[in-house]
Amino acid sequence: MAKQIKPPKSDNPVQQEPEATIAPDQVSPASSGVSAPNSSEAQHQPQAPSASELNLTNHFLIAMPSMLDPIFGRTVIYLCEHNQRGAMGLVINKPTDLTVAGLFDRIDLKLEIIPNSHPMREKPVMFGGPVQDDRGFVLHAPVGKFSSSLKVTDEIAFTTSRDVLEAVASGDGPEQVMVSIGYAGWSAGQLEQEILANGWLTVAADAKILFDLPIEDRFLAAIKLLGIDPLMLASEAGHA
């Protein structure tokens, strides 16, 4: 069973300092126009549900059409943790220009076990979010046993230690892997306020969308999990 990350005693999970897998050179998201994160636009919205009432761990957040934020517009975020201290997740549909093979070169790991024709070499590293965007994070299945992991479900884990990448390089890594730079974080009550402000749709996550579906298809596929025709989607909040 994977060791779970114990966050610091803080009221703001965005300020966690998880052990980093990687600290590559600056990486720019491909055609994303990413800028510094905006301040919360929903601080004064009333009656947000508490985390004890709403636990969205292992859910997708789907940006509403009304969200014009340059970082989060048209994104799907996989929530790895949501509790009374806040929430944390990874954007799953915004690739960077860096490939897994290129990343491994930067951190002095050799993919000798994986031939040049293997699709893993050319998989893009994802832009996971604007928090700690100089560090690497790995979402994977199965959970496995790594030195610093958060077990999200019985099958999926979020790992911050280099050993998961070493396992991938040696051919002993998890079957399904998504490598990201940075993550998305919310302080206590902030995500609930953004949902009330019609910022996000929420739906239980589907691992096939997370790991198997082409990146460009993930946004529409996540919307379809709600049973909604994407063309008919109105700018109204909702969750399943």
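Nearest heavy atom pair, residue T96 against residue P124, reads O-CB, 4.2 Å. In this structure, R218 and V76 approach most closely via the heavy-atom pair O-CG2, 4.0 Å. Looking at every heavy atom in both residues, V143 comes nearest to D154 through CG2-O, 3.5 Å. Of all heavy-atom pairs spanning P130 and I71, the tightest one is CB-CD1, 4.1 Å. Listed here is the closest heavy atom pair of S161 and S148: OG-N, 3.2 Å. The minimum heavy-atom distance linking L54 with E192 is given by the pair CD2-CG, 4.2 Å.
Counting only heavy atoms from C-beta outward, the side chains of M67 and W200 approach each other to under 4.5 Å. Contact annotation: the side chain of V168 approaches that of P174 to within less than 4.5 Å [non-hydrogen atoms, C-beta and beyond]. Inter-residue side-chain proximity for I156 and Q176 is flagged as unmet; no heavy-atom pair is nearer than 4.5 Å. In this structure, M178 and I92 have side chains that are in contact, with non-hydrogen atoms separated by less than 4.5 Å. Considering only heavy atoms from C-beta on, F60 stays 4.5 Å or farther from L201 through its side chain. Side-chain contact between L79 and T57: absent, with no pair of heavy atoms (C-beta onward) separated by less than 4.5 Å. Between V131 and M88 the shortest side-chain heavy-atom distance does not fall below 4.5 Å. In this structure the side chain of N58 reaches within 4.5 angstrom of the side chain of Y78, judged on heavy atoms.
A donor-acceptor pair is defined here as one N or O able to donate and one able to accept, closer than 3.5 Å; such a pair exists between the side chain of T99 and the backbone of G102. In terms of modelled atom types and a separation under 3.5 Å, the side chain of N93 and the main chain of R74 share a donor-acceptor contact. Side-chain atoms of S187 never come within 3.5 Å of backbone atoms of G86 as a donor-acceptor pair (strictly under, hydrogens ignored).
The CG atom of L220 sits 10.0 Å away from the CD1 atom of I62 when rounded to the nearest 0.5 Å. Rounded to the nearest 0.5 angstrom, N55 CG and E81 CD are separated by 9.5 Å. Atoms CG and NE2, on L225 and H59 in that order, are 10.5 Å from each other to the nearest 0.5 Å. We find the CG-CD1 distance between D217 and I209 to be 10.0 Å, quoted to the nearest 0.5 Å. Atoms CD1 and CG, on I195 and L61 in that order, are 6.0 Å from each other to the nearest 0.5 Å. For the atom pair CG of D172 and CD of E166, the computed distance is 11.5 Å after rounding to the nearest 0.5 Å.
Using cut-offs of 30° and 60° for the angle between ring planes, the F137 and F158 rings count as parallel.
Atom CD of E216 sits in a crowded spot, with more than 12 heavy atoms from other residues, nucleotides or ligands closer than 6.0 Å.
In this structure, a donor-acceptor pair under 3.5 Å is absent between the side chains of D133 and Y183.
A search for salt bridge (Lys or Arg N to Asp or Glu O under 4.0 Å) contacts involving E155 returns nothing, not counting sequence neighbours.
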Q: Step by step, work out the side chain to side chain contact (heavy atoms under 4.5 Å, CB included) result for L139 and C80.
A: CA-CA 9 Å; L139 202 63; C80 302; 3.9 Å; yes
